[in-house]
Structure formats: C-alpha cells, structure tokens
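Labels below follow one simple rule: chain letters A, B, ... track the order of the sequence lines, proteins then strands, and each chain is numbered from 1. Hydrogens, waters and symmetry mates play no part in the numbers below; they use all other heavy atoms, side chains included.
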Number of protein chains: 2
Amino acid sequence: MPAPLIPRDEVVLRLLPVFQRYGYDGASLSELSKATGLGRSSLYHYFPGGKADMGRAAIECGARWLRDNAIAPLSGAGTPAKRLGRMLKNLDGLYAGGRASCLLGNLVIGESRQLFQAELAQVFQRWIDALAALAAEAGLPRAEAAKRAQDAVIRIQGALIVGGGLGDTAPFRRTLARIPADLLAGR
Amino acid sequence: MPAPLIPRDEVVLRLLPVFQRYGYDGASLSELSKATGLGRSSLYHYFPGGKADMGRAAIECGARWLRDNAIAPLSGAGTPAKRLGRMLKNLDGLYAGGRASCLLGNLVIGESRQLFQAELAQVFQRWIDALAALAAEAGLPRAEAAKRAQDAVIRIQGALIVGGGLGDTAPFRRTLARIPADLLAGR
DNA sequence: GTCTATAATAGGATAGAC
DNA sequence: GTCTATCCTATTATAGAC
C-alpha cells in the first residue's frame with residue numbers, strides 16, 4: 001500500500017486555520033475540503049468520524065503547537081523573563097499580532113464546547129500550569145503564581161476577542177507587552 | 001390593524017439567548033423559532049433581512065442592556081467604587097456567574113465578525129469609554145484610565161472564554177472580584 | 001401577524017469506481 | 001488514497017391561505 005501523497009499531519013495543519021478563523025459551527029466541509037485540497041471522501045478517509053474528528057485533530061494539533069512553541073520555551077535556558085519572552089514572541093506570530101483569533105477560544109463557543117470540553121479543559125490547564133511553574137520559579141508563592149498564570153491566559157484570550165471586536169490590534173499588543181511584569185514581578 | 005400578540009422587543013429578547021449561547025453560525029432558524037414560539041414566516045415578518053437582521057437586533061438589544069444595566073449605573077449616586085459594584089453585580093447576573101457566555105464575544109467569531117464589525121466596535125468602545133470615564137473621575141490620568149478600562153473589558157471577556165474552556169466559574173468570579181481595585185486604585 | 005407548505009440551497013456523510 | 005456521484009437531512013428563505 002503506497003504512501004499517502006500528503007501525510008495526515010499535513011492535512012491537519014491545513015484544517016486548523018479554518019477552525020481558527022470560522023469556529024467549529026462556521027467551518028463547513030466545503031471550506032475544509034478547499035483548504036486541504038482534498039475531496040470530501042478523502043477527508044473521511046483520514047477522519048472516519050467526520051467533522052468532529054477533524055475538530056478533535058485540530059485541537060490536538062493546537063495542543064502540540066502550544067507544547068512545543070509556548071510551553072517548552074518556558075523551561076529552556078536563560079532567566080524566567082527571557083524564557084517567557086520566547087513564548088510571547090511565538091504567540092504573537094500565531095495570532096498574527098492580534099489580527100487572528102484563537103482556535104481554542106473559538107471552540108469554546110456553541111456546540112463544540114460540549115463536544116470538546118475535556119480536551120479544551122486539558123489544554124487550557126496545561127498552559128496555565130506551565131506559566132504558574134515559571135512564576136513560582138521566579139520566586140512567587142505557589143497560590144499567587146497560579147492566580148497570575150490564569151490571569152495571563154485570560155488576558156490573552158480577552159485581548160483577541162476585544163481587539164477583534166474593535167478591529168484593532170492595539171489591545172493584543174499592549175496585553176502581550178505587560179504580561180512579563182504582571183506575571184513575574186514581585187508584589 | 002390589530003396589535004401584535006407579542007411586541008417586537010419581546011421577540012428580540014427571546015432571540016438573544018440563542019445567539020448568546022450558540023454564536024451566530026450555530027444559531028439555526030429552528031432554534032430561533034423555538035425560542036420565540038414563532039414560526040419561520042413570523043420571524044421573517046419581524047426581520048425581513050432574515051438571520052442577519054435577527055443578529056443585528058440581538059446586538060442592539062445587548063447594547064441597550066449594556067447601556068441601562070452596566071453603563072448607566074456608573075453615573076448614578078455614590079462613590080465610583082460603589083457605582084462600579086452595581087455594574088459588576090449586573091454583569092454577574094447576565095453571565096450567570098460565569099456559566100454563560102457573552103453575546104458580543106461570540107459574535108466576534110466567524111462570519112458574524114465581518115457582518116457586524118461596525119456594531120461590535122461601537123458597543124465595545126462605549127463600554128470601555130464608560131469605564132475610562134469612571135476611572136478618570138476616581139483620579140487617574142486620562143491615558144492610564146483608558147488603558148485600565150480596556151483591560152477590564154478584556155479580562156471579563158477572557159475570563160468567560162477560559163472559564164468556559166475549563167468548565168469552571170472560578171476564573172470569572174475571581175476576575176470580577178479584582179476589577180474594582182485594578183481599575184480604580186491609585187498606582 | 002400567523003400559519004402550513006414548499007422552494008432552493010447548503011450541510012454532513014456515504015458508495016463505489018479507479 | 002482519491003475521485004465523482006449521490007443521499008439524506010437541515011438549512012435559509014419564500015408563497016399564499018387565513
């Protein structure tokens with residue numbers, strides 16, 4: 001049996017922006033088909049469970065991205081602030097400087113929320129936990145570190161929503177800029 | 001010509017929770033019909049432009065709610081903190097203590113974002129401006145007040161997203177609780 | 001102003017040839 | 001693994017009677 005023309009991971013990679021942009025309900029098979037360059041039937045070959053499977057794969061892909069590009073840099077070399085800076089730089093790219101929306105945030109809306117509740121909770125929690133660990137390493141009490149970490153993720157998500165509503169990237173840029181101080185600085 | 005059985009405002013009031021819960025793309029005419037108790041044709045009588053008209057009406061209704069229940073209380077009697085408290089209490093009710101999502105936030109996702117960009121921007125901006133005015137009245141420099149006001153709305157939106165993703169109301173409750181100090185306290 | 005009925009289209013999903 | 005063709009359902013929207 002011959003190797004696939006494009007590996008499944010590549011397919012998922014092309015699916016992701018559609019869910020990121022349109023949300024789950026708004027992402028139609030037509031769009032998903034067009035974005036991947038695959039016909040409907042080919043998509044069902046990769047994802048026998050249909051659209052739900054595609055959504056789940058997109059979340060997993062997003063989770064991997066977060067692990068590799070946001071969470072992993074937090075435990076690299078350098079000061080906590082330096083490491084945090086690497087995460088923020090990558091997030092700035094992912095969200096196109098505030099012009100794009102968040103896959104995870106979009107999937108919290110509508111039907112997909114219940115459909116992917118467990119996966120969403122896990123990803124959000126891992127993200128928060130990683131930031132909390134960094135803040136703790138920077139010298140903050142564990143409870144305070146956890147609160148600030150959750151607040152950082154809240155702000156990122158909120159800035160994408162409000163910036164999207166205003167049609168302005170400033171809220172996102174300003175929010176990213178203040179996270180280092182708000183997360184790591186002593187009280 | 002006889003008076004309508006239910007006034008249009010009442011219809012919109014019943015439409016709103018559907019968009020608030022499912023977002024624009026996820027809100028089907030079937031759901032909207034069921035929620036209002038009206039058949040499809042009756043809905044088209046009130047909203048000749050179809051679903052887009054219904055969405056627009058829901059936004060207008062949400063904007064009115066915000067004006068009356070969130071913004072107006074900010075200019076009532078009492079200290080700025082007291083007035084802010086009234087807004088926060090009403091928001092806590094609107095969002096069911098963090099269990100519900102935000103109509104405006106949901107409409108920033110997908111097709112509806114472009115469809116209602118102007119309306120959304122206006123509502124978000126008015127909300128932010130009202131909070132900025134309060135912070136300025138409390139003694140903060142105008143620029144600082146504007147930043148803090150935007151941050152407050154960002155946090156509310158973000159807390160609803162993250163709390164929704166985690167399946168936990170704590171992020172929203174904690175976020176509301178800290179807004180008075182973060183918005184009004186001297187530096 | 002509301003209804004039933006229905007159009008017209010887009011949605012998700014499947015069958016079967018290659 | 002991919003395609004074309006198709007199915008069934010749900011969708012948005014409209015027509016016309018009352």
key: Interatomic distance where CG belongs to A/Asp53 and P belongs to C/dT14 [whole Å]   = 11 Å
query = Would A/Glu60 and A/Arg56 pass as an ion pair if we require N to O under 4.0 Å?
reply = no
Residue closer to the 5' end of DNA chain C, B/Ser42 versus A/Lys51 (nearest nucleotide) = B/Ser42
inquiry  = Heavy atoms only, 4.0 Å cut-off, all strands: where does A/Ser28 land among base, sugar-phosphate and nothing?
reply    = sugar-phosphate
key: B/Asp151 and B/Arg155 ion-paired at < 4.0 Å   = yes
request  = Nearest whole angstrom, please: distance from the P of D/dG1 to the CZ of A/Phe47.
outcome  = 13 Å
message = Atom CZ of residue position A/Arg126 - does it have more than 12 heavy atoms of other residues, nucleotides or ligands inside 6.0 Å?
response = no
ask   = In whole angstroms, how far is the P atom of D/dT11 from the CD atom of A/Glu111?
value = 11 Å
note = A correct 5'-to-3' footprint of nucleotides 4-9 of chain D, with B, S and - meaning base, sugar-phosphate only and no protein heavy atom under 4.0 Å, is B-----
query = Under 4.0 Å between a side-chain N/O of B/Ser30 and OP1 or OP2 of D/dA10, yes or no?
reply = no
task = Would you mind classifying the nucleic acid contact of A/Ala27 as base, sugar-phosphate or nothing, using non-hydrogen atoms under 4.0 angstrom?
result = sugar-phosphate
message = Quick test of your reading of the model: are A/Asp182 and A/Arg148 salt-bridged, counting only N-O distances below 4.0 Å?
response = no
ask   = Less than 4.0 Å between a side-chain N and a carboxylate O, is that true for A/Arg21 and B/Glu111?
value = no
message = Ring-plane angle category for A/Tyr24 and A/Phe19, please: parallel below 30°, perpendicular beyond 60°, tilted otherwise.
response = parallel
key: B/Asp25 CG to C/dG11 P, straight-line distance once rounded to whole Å   = 11 Å
task = Examine C/dA13: is either OP1 or OP2 under 4.0 Å from a nitrogen or oxygen in the side chain of A/Tyr44? Give yes or no.
result = yes
